[in-house]
Amino acid sequence: MRTQHNAPIYEALSRFQDARVVPFDVPGHKRGRGNPELQDFLGEQCLRVDVNAMKPLDNLCHPISVIREAEELAADAFGTHQAFFMVNGTTSGIQAMILAVCKRGDKIILPRNVHRSVLNALVLCGAHAVYVNPDVDKTLGISLGMPMAEVRRAILANPDAKAILVNNPTYYGICSDLRAIVGLAHAHGMMVLADEAHGTHFYFGDGLPSPAMAVGADMSSVSMHKSGGSLTQSSFLLTADTVSPGYVRQIINLTQTTSASYLLMSSLDLSRRNLALRGKEIFARVLKLSQYARDEVNTLNGYRAFGEELVNRDSVFAFDQTKLSVNTLGIGLAGIEVYDILRDEYDIQIEFGDLGNILAYLSIGDRLQDVERLVGALAEVRRRYGKPGTGLLTQEYIEPQVVMSLQDAFYAEKEALPLPQAVGRVSSEFVMCYPPGIPILAPGERVTEAVLGYISYAREKGCSLTGPEDADVEVLNVIR
């Protein structure tokens with residue numbers, strides 16, 4: 001009987017290497033021999049396990065042996081009914097959740113400050129978004145969670161909605177009252193889907209917000225590679241016994257690659273084992289380190305490393321204390337400006353900077369000396385570049401004017417207009433700062449002066465704007 005000490009995919013790959021199989025299949029580099037430069041760069045061991053699906057190694061599209069066993073161990077570790085290995089990232093997990101419960105014309109309730117992958121899923125399936133506007137902290141310039149009164153209003157006004165999607169947590173560490181949302185949604189026959197891209201550690205640490213599956217959510221997509229230690233692009237899709245695992249597998253196979261990377265899958269397998277065996281100890285250390293970092297940053301005049309003081313038990317029901325979210329407006333710099341300075345002048349790469357904040361992502365691989373280097377650099381940035389903060393934008397959320405569905409707008413006949421001429425028209429494409437990848441403007445929404453002002457300010461401060469067909473974001477496609 002396998003236990004959490006096992007890693008079935010890793011073990012199968014180890015046996016496969018010992019067998020010294022001669023490859024007459026793909027990939028064409030033939031265990032690295034065909035591309036010496038790649039082998040020198042990535043290492044022989046890496047390329048020896050970059051292999052194709054075969055009977056001894058199972059097949060992700062229809063697992064019956066070691067991948068199935070690894071998924072069963074993952075489900076047990078996360079405390080849920082089923083876990084699916086995802087090698088197209090949490091983006092594909094989120095899209096699979098939505099496509100599994102929504103069809104064309106169906107409604108799904110969600111906050112507007114969702115990741116682009118959520119709205120992309122609605123473009124694909126044709127479901128209609130019913131937005132719950134999040135609360136906003138105007139001082140910090142960030143969106144918070146969904147107030148329960150607004151969730152209740154949306155559910156009562158849309159009794160035919162199929163599901164409600166919740167961020168748990170947001171990029172900044174904000175959590176809504178997920179347990180209450182689950183109870184309310186289920187009482188009205190709606191499923192609950194969770195975007196837990198930034199909440200993998202909730203399942204393994206003490207003193208953290210509640211994980212979605214523990215409070216009754218039906219599905220959750222978790223980025224194991226973010227806080228769980230696996231390779232980039234590897235994630236889990238978790239499901240309860242309220243959904244058909246066979247049908248979910250079919251949905252996943254609509255969009256996920258048929259050439260699944262064993263590098264990604266083995267990293268999921270080993271990372272799950274690591275967290276199942278040592279997660280509580282690991283994340284206790286991360287919490288201690290993040291609190292130390294928060295305290296140190298808050299000794300620097302002008303910065304505010306915010307945390308549990310935001311909790312109001314409603315739109316901020318809980319806060320993920322591993323997130324080192326720092327408001328920079330008090331030193332007269334936008335978050336994106338501090339982000340750029342830290343990278344270009346101090347060789348420190350943080351997760352992202354927006355118009356008012358930065359996020360330093362602390363997880364299982366961080367060290368005290370690295371945190372001290374970050375705090376020291378922030379002190380120098382303030383000393384060298386700090387200035388009065390007048391004129392800085394503090395409002396991060398703009399309530400959208402939704403005119404038509406995302407799918408109808410995305411595929412509609414369109415014309416390209418310079419941004420200033422697009423005011424009053426309906427967009428047929430996305431505009432967002434990436435990261436964090438939350439759309440400023442989405443297909444089907446009216447272009448307003450406020451939206452254009454935000455885009456212009458974000459460009460001026462150095463945010464990376466993405467989404468439109470025009471890579472320079474000077475021209476926007478609107479409905480003809």
Side chain to side chain contact (heavy atoms under 4.5 Å, CB included) between Val447 and Ser427, worked out: CA-CA 6 Å; Val447 184; Ser427 177; 4.2 Å; yes

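- The shortest heavy-atom contact between Gly424 and Arg446 is O-NH1, 2.7 Å.
- Contact of the Glu72 side chain with the Arg2 side chain is not registered, since no non-hydrogen atoms from C-beta on lie closer than 4.5 Å.
- Under the 4.5 Å side-chain criterion, counting only non-hydrogen atoms from C-beta, His198 is not in contact with Asp320.
- Contact detail for Pro111 and Met146: the closest heavy-atom pair is CD-SD, 3.6 Å.
- Here the CZ atom belonging to Phe236 is positioned 4.5 Å from the CG atom belonging to Leu268, to the nearest 0.5 angstrom.
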Start with the C-alpha distance between Leu275 and Met224, add both sets of side-chain angles, then the distance that settles side chain to side chain contact (heavy atoms under 4.5 Å, CB included), and finish with yes or no. CA-CA 10 Å; Leu275 295 189; Met224 193 68 165; 3.7 Å; yes

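- Judged by distance alone, the side chains of Asp76 and Gln4 do bring a donor and an acceptor atom under 3.5 Å apart.
- Separation of atoms CG (Asp195) and CD1 (Ile94) is listed at 3.5 Å; rounding is to 0.5 Å.
- A salt bridge is absent between Asp472 and Arg459: the closest approach of a Lys/Arg side-chain nitrogen to an acidic carboxylate oxygen does not fall below 4.0 angstrom.
- Residues Leu208 and Leu287 form a side-chain contact, since some pair of their non-hydrogen atoms from C-beta on lies under 4.5 Å apart.
- Atom NE2 of His188 has more than 12 heavy atoms from other residues, nucleotides or ligands within 6.0 Å.
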For Gln82 and Val248: C-alpha separation, side-chain torsions, deciding distance, then whether side chain to side chain contact (heavy atoms under 4.5 Å, CB included) applies. CA-CA 10 Å; Gln82 179 81 35; Val248 171; over 6 Å; no

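- Residues Arg304 and Leu140 have side chains in contact (heavy-atom distance under 4.5 Å, counting atoms from C-beta outward).
- Of the possible polar contacts, one joining the Asp314 side chain to the Met148 backbone as a donor-acceptor pair under 3.5 Å is found.
- Atom NZ of Lys280 is separated from atom CD1 of Ile282 by 12.0 Å, given to the nearest 0.5 angstrom.
- For Glu399 and Arg112, the salt-bridge test fails: no basic side-chain N is under 4.0 Å from an acidic carboxylate O.
- Heavy atoms from other residues, nucleotides or ligands lying under 6.0 Å from CD of Glu449 number 12 at most.
- For the pairing with Phe85, the side chain to side chain contact (heavy atoms under 4.5 Å, CB included) check across Leu264, Leu60, Leu237 returns one residue only, Leu60.
- Going from atom NZ of Lys162 over to atom SG of Cys102 covers 8.5 Å, rounded to the nearest 0.5 Å.
- Across all their heavy atoms, Gly356 and Asp354 have their closest contact at N-OD1, 2.8 Å.
- By the 4.5 Å heavy-atom criterion applied to side chains, Asp269 and Ser230 are not counted as neighbours.
- Inter-residue side-chain proximity for Asp50 and Tyr262 is flagged as unmet; no heavy-atom pair is nearer than 4.5 Å.
- Of all the heavy atoms in Ile455 and Val431, the pair that sits closest is CD1-CG1, 3.8 Å.
- Annotation: the span from Ile440 atom CD1 to Leu452 atom CG amounts to 10.5 Å, rounded to 0.5 Å.
- Between Tyr361 and Tyr171, the ring centre distance reaches or exceeds 6.0 Å.
- Of the N and O atoms on the side chains of Asp218 and Thr242, at least one donor lies less than 3.5 Å from an acceptor on the other residue.
- No hydrogens or angles considered: a donor-acceptor pair under 3.5 Å links the side chains of Ser235 and Thr90.
- Between Phe78 and Phe204, the ring planes are perpendicular. Angles over 60° get that label, and only those under 30° would be called parallel.
- At a threshold of 4.0 Å, the pair Arg68-Glu71 does not count as salt-bridged, since none of the basic side-chain nitrogens sits closer than that to a carboxylate oxygen.
- Closest approach of Ser227 and Thr200 over heavy atoms only: OG-CB, 3.4 Å.
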Does Tyr203 form a side chain to side chain contact (heavy atoms under 4.5 Å, CB included) with Met213? I'd like the steps, not just the answer. CA-CA 9 Å; Tyr203 289 87; Met213 304 310 290; 3.3 Å; yes

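- With Tyr434 as the aromatic partner, Arg116 meets the cation-pi criteria of under 6.0 angstrom to the ring centre and within 45 degrees of the ring axis.
- Under 3.5 Å, the side chains of Asn312 and Ser315 contain a donor-acceptor pair of N or O atoms.
- Under the 4.5 Å side-chain criterion, counting only non-hydrogen atoms from C-beta, Val114 is in contact with Leu119.
- From Ile108, atom CD1 reaches atom CD1 of Ile164 across 9.0 Å, with rounding to the nearest 0.5 Å.
- Annotation: side chain of Ser143 is not in contact with side chain of Thr170 (no heavy-atom distance under 4.5 Å).
- In summary, Lys414 and Glu469 do not engage in a salt bridge, as defined by a charged side-chain N under 4.0 Å from a carboxylate O.
- Remark: Phe352 CZ is packed, more than 12 non-hydrogen atoms of other residues, nucleotides or ligands lying under 6.0 Å away.
- Taking each heavy atom of Lys323 and Tyr172 in turn, the nearest pair found is CB-O, 4.0 Å.
- The number of heavy atoms from other shown groups lying within 6.0 Å of CD (Glu309) is above 12.
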